[in-house]
Asks: 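Structure incoming, see below.
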Amino acid sequence: MAARDKEIVTKTMKRVKSKDTSIEVILRKALWAKGLHYRKNDASLPGKPDIVLPKYKIVIFCDSEFFHGKDWDKLKAQLQRCNNPDYWIKKIERNRQRDVENDQKLMFLGWNVLHFWGKDIVKDTEGCVRVVEEMIFDMVTNGEDV
């Protein structure tokens, strides 16, 4: 990949949001339309989940493909050819590790954890909502407290 102007990269990275991203908003609106009430970015929980359904003890993370390393082996190979590969590989590997750690903490606390990739949310919002509804249905049919 060609070298990029550092000022442009810095300006672009400053615009990357950590909450109320477009993918979060799309999924939240679809969940709300189904009558599923949630909290946003609950800082009291490990990982500060994007969407929390407290009634069902479900947390949802809306993960961007780049920062959470979707198809990591392929992405890692691409990053090897980019500017500052050591920084990006280390950063994304740490994000992936942190995701696993937070998932384990949440499950230990009794939460059900779901992750959706951003492109999946955009392309198949109803499918993502269906996954949430199926998890709730399974919890209800198994007699779990909801």
Side-chain angles (χ1 to χ4, degrees), residues 1 4 9-146:
M1 291 192 167
R4 296 189 296 173
V9 172
T10 300
K11 186 176 179 180
T12 302
M13 292 307 295
K14 284 183 178 181
R15 291 177 47 219
V16 174
K17 300 190 309 182
S18 63
K19 62 182 180 178
D20 294 329
T21 62
S22 61
I23 57 177
E24 288 175 42
V25 171
I26 290 168
L27 186 55
R28 287 195 320 240
K29 285 182 177 182
L31 291 169
W32 194 266
K34 294 284 187 171
L36 296 170
H37 296 237
Y38 54 80
R39 290 193 313 236
K40 303 184 320 180
N41 309 104
D42 189 339
S44 70
L45 294 172
K48 197 175 177 184
D50 300 314
I51 301 169
V52 179
L53 301 168
K55 179 177 180 180
Y56 304 105
K57 289 204 81 161
I58 295 174
V59 295
I60 302 169
F61 292 92
C62 304
D63 296 334
S64 73
E65 286 76 4
F66 180 78
F67 286 104
H68 293 272
K70 183 175 185 192
D71 301 324
W72 179 234
D73 292 333
K74 183 179 173 184
L75 178 58
K76 188 175 181 180
Q78 290 173 336
L79 289 171
Q80 293 285 359
R81 298 186 302 270
C82 293
N83 288 336
N84 208 357
D86 294 337
Y87 170 80
W88 286 109
I89 290 169
K90 183 178 176 183
K91 177 175 184 52
I92 294 170
E93 283 180 340
R94 179 61 188 126
N95 288 349
R96 290 168 51 85
Q97 179 184 6
R98 188 181 310 111
D99 289 344
V100 170
E101 291 167 2
N102 287 328
D103 288 356
Q104 290 171 342
K105 291 174 186 174
L106 287 160
M107 287 185 284
F108 179 77
L109 294 170
W111 289 89
N112 298 285
V113 181
L114 291 172
H115 285 264
F116 294 111
W117 292 113
K119 288 182 182 174
D120 293 337
I121 293 169
V122 171
K123 288 181 181 176
D124 188 17
T125 308
E126 282 304 310
C128 296
V129 171
R130 207 167 23 260
V131 169
V132 175
E133 290 175 323
E134 288 170 3
M135 179 176 272
I136 293 168
F137 179 80
D138 289 344
M139 294 167 68
V140 170
T141 57
N142 290 330
E144 295 181 38
D145 290 333
V146 287

Asks: Distance check, rounded to the nearest 0.5 Å: K55 atom NZ versus L36 atom CG?
Replies: 9.0 Å
Asks: Going through the checks in order, is the side chain to side chain donor-acceptor pair (under 3.5 Å) test met by H68 and D99?
Replies: CA-CA 8 Å; H68 293 272; D99 289 344; 2.7 Å; yes
Asks: Closest approach of S64 and I23, non-hydrogen atoms and distance?
Replies: N-CD1, 4.4 Å
Asks: Could you tell me which non-hydrogen atom of Y56 sits nearest to which non-hydrogen atom of I136, and how far apart they are?
Replies: CE2-CG2, 3.5 Å
Asks: Any side-chain to backbone donor/acceptor pair from K57 onto L109? Under 3.5 Å, distance only.
Replies: yes
Asks: Closer than 3.5 angstrom, by distance alone: can the side chain of E24 be matched with the main-chain N or O of I51 as a donor-acceptor pair?
Replies: no
Asks: Roughly how far, to the nearest 0.5 Å, is CG of L27 from CG of D120?
Replies: 11.0 Å
Asks: Is any side-chain heavy atom of I92 less than 4.5 Å from a side-chain heavy atom of F66?
Replies: yes
Asks: So does D20 pair up with R28, basic N to acidic O under 4.0 Å?
Replies: yes
Asks: Would you compute the distance between atom CG of L79 and atom CG of D86 and round it to the nearest 0.5 angstrom?
Replies: 10.5 Å
Asks: Where is the tightest heavy-atom contact between V113 and M107, given as atom of each residue plus distance?
Replies: CG2-CG, 4.0 Å
Asks: Would W88 and F67 satisfy side-chain contact (heavy atoms from CB on, under 4.5 Å), going step by step from the backbone distance to the final call?
Replies: CA-CA 9 Å; W88 286 109; F67 286 104; 3.8 Å; yes
Asks: Nearest 0.5 Å please: distance from the CG atom of L114 over to the CG atom of D103.
Replies: 10.0 Å
Asks: Would Y38 and V52 satisfy side-chain contact (heavy atoms from CB on, under 4.5 Å), going step by step from the backbone distance to the final call?
Replies: CA-CA 5 Å; Y38 54 80; V52 179; 5.9 Å; no
Asks: Can you tell me how far the CE atom of M139 sits from the CG atom of N112, to the nearest 0.5 Å?
Replies: 4.5 Å
Asks: Considering residues at least two apart in sequence or located in another chain, which fulfil the side chain to side chain contact (heavy atoms under 4.5 Å, CB included) criterion with K74?
Replies: D71, Q78
Asks: Let me see the working for F116 and I60 under side-chain contact (heavy atoms from CB on, under 4.5 Å), right down to the final yes or no.
Replies: CA-CA 8 Å; F116 294 111; I60 302 169; 3.7 Å; yes
Asks: Under 4.5 Å between any side-chain heavy atoms of I89 and Q80, yes or no?
Replies: yes
Asks: How many angstroms lie between atom CG of L75 and atom CZ of R96, to the nearest 0.5 angstrom?
Replies: 9.0 Å
Asks: Could you go through the side-chain contact (heavy atoms from CB on, under 4.5 Å) check for E93 and W72 one step at a time?
Replies: CA-CA 9 Å; E93 283 180 340; W72 179 234; 3.3 Å; yes
Asks: With the side chain counted from C-beta on, respond yes when K34 and R130 share a heavy-atom pair under 4.5 Å apart, and no when they do not.
Replies: no
Asks: Is a donor on one side and an acceptor on the other found under 3.5 Å between the side chain of D50 and the backbone of C62?
Replies: yes
